[in-house]
S.K.: 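Sharing a structure below in structure tokens format, with a few things to ask.
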Amino acid sequence: MRARMALMGKDYEHREVDLKNRPQAIYDVSPKGTVPVLVLDHGQILDESLEILHWAHPETARAEFKIWTARCDTEFKHHLDRYKYATRFEGVNAEDHRNLACAFLYDLNQSLESPPDFFKSHYVQFQMALGPFVRQFALADRAWFDAQRWNSVHAWLEEFLQSSLFQGVMKKYPVWVEKS
Ligand SMILES: N[C@@H](CCC(=O)N[C@@H](CS)C(=O)NCC(=O)O)C(=O)O
């Protein structure tokens with residue numbers, strides 16, 4: 001979702017991959033076989049959504065922005081995965097990780113309450129970068145999420161979910177089939 005939003009309005013060929021039946025072509029360009037993968041004209045491969053965001057919106061590589069994306073992709077994502085998919089990890093308690101993930105959301109809430117200038121001037125880029133992960137966290141238990149006192153995060157997420165940015169990438173794409 002992050003990469004799709006980052007690439008909105010760019011001229012590129014979208015190849016939808018069925019993760020249960022991945023084509024050889026994805027492994028040929030990126031052996032880890034995860035999406036997203038962006039192949040640039042001169043053959044350079046970007047196979048992390050953050051790299052794709054940086055490529056499409058270079059201002060997101062600046063330090064003021066990276067503080068958030070680094071924290072989202074390491075600390076928050078780590079706890080989000082263990083909260084959502086606790087059974088896939090040995091000895092993991094979902095609630096512990098839900099609580100640990102809250103530190104990020106608490107800080108995000110504070111920043112949204114009195115946003116630094118960079119946050120205000122790059123609002124849409126922040127939505128692309130962080131929105132999909134906050135959405136996943138919220139959807140894991142929406143009633144619990146809604147009961148927390150993060151009013152600014154709630155409003156921010158709702159605005160993101162209603163945005164043409166997010167709505168524009170939520171459509172279903174036909175799975176890409178390699179022409180023989
Ligand atoms: N760090 C990666 C994570 C990518 C990722 O987890 N992609 C998922 C789909 S959204 C995937 O390909 N899952 C299949 C797998 O991990 O084998 C990024 O943000 O680009």
Side-chain angles (χ1 to χ4, degrees), residues 1-10 12-90 92 94 97-98 100-101 103-105 107-108 122 124-142 145 156-157 160-161 163 165-178:
M1 291 304 152
R2 178 193 268 169
R4 282 182 186 182
M5 288 187 280
L7 293 174
M8 245 176 142
K10 303 265 179 206
Y12 75 105
E13 181 191 346
H14 181 117
R15 294 182 173 181
E16 186 68 13
V17 168
D18 176 0
L19 288 172
K20 294 190 194 76
N21 183 21
R22 298 173 211 197
Q24 181 55 40
I26 191 171
Y27 296 104
D28 291 345
V29 291
S30 173
K32 63 183 172 155
T34 59
V35 295
V37 182
L38 180 66
V39 183
L40 299 178
D41 281 343
H42 48 82
Q44 193 189 344
I45 307 297
L46 306 181
D47 62 5
E48 283 292 327
S49 63
L50 200 52
E51 290 175 346
I52 296 171
L53 182 70
H54 290 164
W55 176 82
H57 302 273
E59 66 281 13
T60 61
R62 279 171 51 177
E64 302 95 311
F65 203 98
K66 271 191 165 172
I67 297 167
W68 285 101
T69 47
R71 217 179 146 192
C72 176
D73 286 32
T74 53
E75 174 196 328
F76 185 61
K77 176 80 160 57
H78 174 90
H79 296 308
L80 170 66
D81 288 346
R82 283 154 185 79
Y83 167 40
K84 266 182 78 175
Y85 310 114
T87 52
R88 294 188 196 167
F89 300 91
E90 208 166 315
V92 154
H97 287 279
R98 181 171 73 185
L100 290 163
F104 174 81
L105 293 169
D107 290 346
L108 180 60
H122 294 81
V124 171
Q125 292 89 332
F126 273 105
Q127 285 183 313
M128 301 175 181
L130 310 180
F133 300 87
V134 176
R135 169 177 175 265
Q136 277 189 42
F137 182 89
L139 293 184
D141 185 343
R142 193 65 208 242
F145 180 82
W156 179 81
L157 178 63
F160 169 65
L161 296 178
S163 67
L165 174 76
F166 180 66
Q167 299 277 339
V169 297
M170 281 307 278
K171 58 186 180 211
K172 274 245 170 226
Y173 294 82
V175 170
W176 176 74
V177 185
E178 192 156 20

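Throughout, residue positions are numbered sequentially from 1 according to the sequence presented. Only heavy atoms go into these numbers, but all of them, side chains included; no hydrogens, no water, no symmetry mates. The structure presented is a predicted model; accordingly, all values stated were derived computationally and were not measured. Indexing begins at 1, ligand by ligand and atom by atom, following the structure's order.
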S.K.: Aromatic rings Tyr12 and His14: how do their planes relate, parallel, tilted or perpendicular, breaks at 30° and 60°?
M.R.: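 Tyr12 vs His14 ring planes: tilted.
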
S.K.: Evaluate Glu48 for polar contact with ligand 1, using N/O atom pairs at a separation under 3.5 Å.
M.R.: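 Among all N and O atoms of Glu48, at least one is under 3.5 Å from an N or O of ligand 1.
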
S.K.: With respect to atom 11 (C) of ligand 1, which of Leu19, Leu53, Val17 exhibits the smallest heavy-atom separation?
M.R.: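 That would be Leu19.
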
S.K.: Report yes if the side chains of Leu7 and Trp55 come closer than 4.5 Å at any heavy-atom pair, otherwise no.
M.R.: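 Yes, close enough: below the 4.5 Å cut-off.
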
S.K.: Are Trp176 and Glu13 packed together at the side-chain level, in the sense that at least one heavy-atom pair is separated by less than 4.5 angstrom?
M.R.: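 Yes, at least one pair of side-chain atoms sits under 4.5 Å.
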
S.K.: If you have a sec, work out which protein heavy atom is nearest atom 8 (C) of ligand 1 and how many Å separate them, to one decimal?
M.R.: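 Protein heavy atom with the smallest distance to atom 8 (C) of ligand 1: Val35 O, 3.8 Å.
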
S.K.: Under 4.0 Å from atom 2 (C) of ligand 1, can you find at least one protein heavy atom?
M.R.: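 For atom 2 (C) of ligand 1 the answer is yes, since some protein heavy atom falls inside 4.0 Å.
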
S.K.: Ignoring hydrogens, just give me the one of Arg22, Met1, Gln136, Arg2 whose non-hydrogen atom is nearest atom 17 (O) of ligand 1.
M.R.: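 Ranked by closest heavy atom to atom 17 (O) of ligand 1, first place is Arg22.
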
S.K.: At what distance is the nearest protein heavy atom to atom 16 (O) of ligand 1, and which residue and atom is it?
M.R.: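 Looking at atom 16 (O) of ligand 1, the protein heavy atom closest to it is Thr34 CG2, 3.4 Å.
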
S.K.: Mind checking whether Met170 and Met1 have side chains closer than 4.5 Å, heavy atoms only?
M.R.: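 In contact.
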
S.K.: May I ask you to check whether Phe137 and Phe104 place their ring centers less than 6.0 Å from one another?
M.R.: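 Between Phe137 and Phe104, the centre distance exceeds or equals 6.0 Å.
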
S.K.: Looking at Pro36, which atoms of ligand 1 are within less than 4.0 Å of one of its heavy atoms?
M.R.: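 Counting from 1, the qualifying ligand atoms are 20 (O).
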
S.K.: Under 3.5 Å between any N/O of Ser49 and any N/O of ligand 1: does that happen in this structure?
M.R.: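 Yes; at least one N/O pair falls below 3.5 Å.
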
S.K.: Check this for me: does any side-chain nitrogen of one of Glu16 and Lys171 sit under 4.0 Å from a carboxylate oxygen of the other?
M.R.: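 Answer for the salt bridge query: no.
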
